[in-house]
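Okay, structure first, notes after.
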There are 2 protein chains.
Amino acid sequence: MLPLLPDPKPADPAPRQRVQDEIRRDIIFGSLQPGTRVTEAVLAAKYGVSRIPVREALRALEAEGFVESKPYAGSTVSEIPVDDADDLFSVREALEAATARRAARRAAAQFSAGEPSAEWWKARRLLADLLDDGDQAVAAGNLQLLPELNIRFHLGIADLSGSASLTALLRQISGKIEWLYATDVDHRGKQSWSEHRSIMAAIDAGNPAEAERLMAGHVHQSRVGYLDRFATP
Amino acid sequence: MLPLLPDPKPADPAPRQRVQDEIRRDIIFGSLQPGTRVTEAVLAAKYGVSRIPVREALRALEAEGFVESKPYAGSTVSEIPVDDADDLFSVREALEAATARRAARRAAAQFSAGEPSAEWWKARRLLADLLDDGDQAVAAGNLQLLPELNIRFHLGIADLSGSASLTALLRQISGKIEWLYATDVDHRGKQSWSEHRSIMAAIDAGNPAEAERLMAGHVHQSRVGYLDRFATP
DNA sequence: ATGTGACCGATTGCATACAACAATAAACAG
DNA sequence: CTGTTTATTGTTGTATGCAATCGGTCACAT
């Protein structure tokens with residue numbers, strides 16, 4: 001006999017990843033405020049899993065800088081790095097300039113060596129879709145979608161650069177930047193998004209210098225915009 | 001019956017940290033070569049602990065970029081990031097310039113506000129000892145001690161900056177740089193070390209611009225030296 | 001001979017159980 | 001009343017056992 005509900009629970013194939021994303025989201029969007037003590041047991045109960053996935057998620061979040069832990073003493077939610085904003089942006093400028101430069105160099109190399117590799121096409125295709133989605137969101141006035149799309153675009157460029165080290169660093173910084181912006185939306189949204197296509201074009205053209213220049217300017221504007229708005233001198 | 005040796009092993013109070021450091025050391029100094037498959041079970045047996053500490057150590061090392069893992073598929077030792085060297089150095093330049101600038105600013109603030117805080121003195125004292133140890137090593141010709149002392153000095157400056165975000169980023173980059181240098185010693189050792197005191201002096205003087213300038217130049221020389229030596233164009 | 005499918009060993013992911021440690025609070029001496 | 005010592009409790013750290021999943025391999029049909 002066939003059961004009417006063969007699989008009532010969606011099976012949850014990756015509890016650790018899910019829990020990690022949930023906790024990070026709760027931290028970024030204020031449900032878990034800085035200074036809050038988070039214990040493995042209550043989080044485990046909250047998300048319906050054992051302590052082990054929660055524990056690993058907390059360790060990962062600690063590496064990302066969202067929580068701080070002391071041995072046998074527990075974990076607490078970190079402070080929002082507002083004081084570090086300016087410096088984080090300056091590092092991000094150098095970092096993303098490097099990724100754009102590399103991406104353009106790699107694009108040129110891929111095309112000069114006959115057919116681009118499969119993984120290159122995959123990353124490039126993802127960026128194309130992303131750009132379209134963003135334009136669509138802008139056209140429809142859904143500006144609240146832009147922060148997420150923005151991060152994915154920049155991480156996509158890092159992927160194109162082919163450097164795992166730089167991608168990991170950018171991922172770490174992006175988390176902090178997202179946290180900083182979470183208290184408010186990116187006001188410069190439309191303007192900022194439109195700059196992405198020219199960066200992409202410079203990369204496609206295999207022009208490292210131009211890609212680097214555009215990306216550096218793009219991030220710099222983002223930095224200036226943030227500092228203007230939140231005025232943390 | 002009572003065993004003759006009730007506690008032959010020194011109890012090992014922190015297996016996870018120890019195992020993590022051991023594995024990282026083995027990776028950096030060649031005992032575990034890139035591409036090697038590392039399984040939790042054999043590492044657990046190798047270090048005489050259970051799989052859990054090994055597992056967490058591997059996760060942390062994955063966040064540090066030393067191993068790569070795929071779900072249910074195991075972990076392998078990452079490739080040495082030689083291709084990323086130049087870009088890592090360029091990011092490091094921006095990053096350490098920021099830490100030096102902040103450290104100087106913070107030093108000035110500490111002194112202008114009466115007595116410096118306890119944690120400031122602690123970090124400052126650690127750097128003083130470090131500088132002395134390095135000078136002593138140089139005088140005694142123990143240049144092989146310098147790479148370790150060098151990393152600790154730069155992380156110490158990051159501590160002085162008071163920014164957890166920047167310190168975490170530097171820690172991540174430092175691991176990679178150490179890995180790059182592990183194949184050879186830092187040839188510029190003596191010269192490089194002597195520059196640390198002037199950086200420290202600029203910070204103590206509360207001169208952010210000068211501290212930033214000196215640190216940027218210091219890291220830049222390190223970069224040029226590395227690229228000259230290993231010539232990866 | 002070769003492509004395709006299912007099986008099997010190996011390995012990770014998670015849950016439960018227990019031990020070690022830190023932090024707090026209570027008891028006590030001064 | 002205050003400083004110190006000691007119990008107690010709550011939380012993390014580790015060990016073991018089992019379930020889920022992946023990679024390779026062997027049979028088999030084409």
Side-chain angles (χ1 to χ4, degrees), chain A residues 3 6-24 26-27 32-78, chain B residues 2-3 5-24 26-27 32 34-78 119:
Chain A
D7 199 0
K9 298 174 185 175
D12 199 357
R16 185 187 74 85
Q17 190 64 40
R18 178 179 65 86
V19 169
Q20 182 174 336
D21 292 342
E22 293 268 354
I23 297 177
R24 181 176 32 229
D26 287 347
I27 291 178
L32 285 176
Q33 293 203 349
T36 307
R37 271 185 73 81
V38 283
T39 71
E40 301 175 359
V42 310
L43 290 175
K46 182 174 180 181
Y47 297 115
V49 295
S50 168
R51 269 182 51 211
I52 299 288
V54 172
R55 178 182 180 73
E56 308 215 342
L58 282 177
R59 287 241 172 279
L61 291 171
E62 183 182 9
E64 294 179 30
F66 286 103
V67 303
E68 293 165 10
S69 308
K70 283 198 289 188
Y72 290 101
S75 308
T76 63
V77 177
S78 302
Chain B
L2 291 174
L5 299 171
D7 198 0
K9 298 173 185 174
D12 198 358
R16 185 187 71 84
Q17 190 63 40
R18 178 179 65 86
V19 167
Q20 182 174 336
D21 292 342
E22 293 268 352
I23 298 177
R24 179 174 36 225
D26 288 347
I27 291 178
L32 284 176
T36 307
R37 265 184 77 79
V38 284
T39 71
E40 300 176 358
V42 311
L43 290 174
K46 182 174 178 179
Y47 297 115
V49 294
S50 169
R51 272 180 48 208
I52 299 288
V54 172
R55 178 183 179 74
E56 307 216 341
L58 283 178
R59 282 253 121 81
L61 291 171
E62 182 182 9
E64 294 180 29
F66 286 103
V67 303
E68 293 164 11
S69 307
K70 283 198 291 187
Y72 292 103
S75 308
T76 63
V77 177
S78 302
E119 61 168 336

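Within every chain, numbering begins at 1; the chains are lettered A, B, ... in the order of the sequence lines, protein sequences first and strands thereafter.
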Atom pairs, N/O to N/O, protein against nucleotides 17-25 of chain C, distance under 3.5 Å?
none

Minimum heavy-atom distance between [X] and [Y], given as atom pair plus value:
X: B:V54; Y: B:S50; result: CG2-O, 3.6 Å
X: B:V19; Y: B:A57; result: CG1-CB, 4.0 Å
X: B:T76; Y: B:G35; result: CB-O, 4.3 Å

Whole-Å distance between [N] [atom2] and [X] [atom1]?
X: B:L43; N: C:dT12; atom1: CG; atom2: C1'; value: 13 Å
X: A:Y47; N: C:dC14; atom1: OH; atom2: C1'; value: 18 Å
X: A:E56; N: C:dT12; atom1: CD; atom2: P; value: 12 Å
X: A:R55; N: C:dC14; atom1: CZ; atom2: P; value: 14 Å

Can you name the residues that form a salt bridge (charged side-chain N to carboxylate O under 4.0 Å, His left out) with B:E22, not counting sequence neighbours? B:R25
Residue set satisfying salt bridge (charged side-chain N to carboxylate O under 4.0 Å, His left out) with A:E56, at least two apart, ordered chain then number -> B:R55, B:R59
Five pairs at each end of the helix from C:dA1-D:dT30 to C:dG30-D:dC1: take the axis at both ends and give me the angle between them to 10°. 10°
With a strict under 4.0 Å distance from non-hydrogen atoms of chain B, what nucleotide opens and what nucleotide closes the contacted stretch of DNA chain D, reading 5' to 3'? D:dT14 to D:dC22
Mark yes or no for whether B:R18, through its side chain, and B:Y47, through its backbone, hold a donor-acceptor pair below 3.5 Å. yes
I'd like to know if the side chain of B:S78 and the backbone of B:F66 have a donor-acceptor N/O pair within less than 3.5 Å. yes
Taking any heavy-atom pair under 4.0 Å as a contact, classify B:T39: base, sugar-phosphate, or nothing. sugar-phosphate
Which part of the nucleic acid, if any, lies within reach of A:V38 when heavy atoms closer than 4.0 Å are counted: base, sugar-phosphate only, or nothing? sugar-phosphate
B:L43 CG to B:L32 CG distance, which is reported to the nearest 0.5 Å: 7.0 Å
Point-to-point distance, once rounded to the nearest 0.5 Å, from CD1 of B:I23 to CG of B:L61: 6.0 Å
Does atom CD of A:Q17 have more than 12 heavy-atom neighbours, drawn from other residues, nucleotides or ligands, at distances under 6.0 Å? yes
So, using side chain to side chain donor-acceptor pair (under 3.5 Å) as the criterion, who are the partners of B:E62 when residues are at least two apart? none
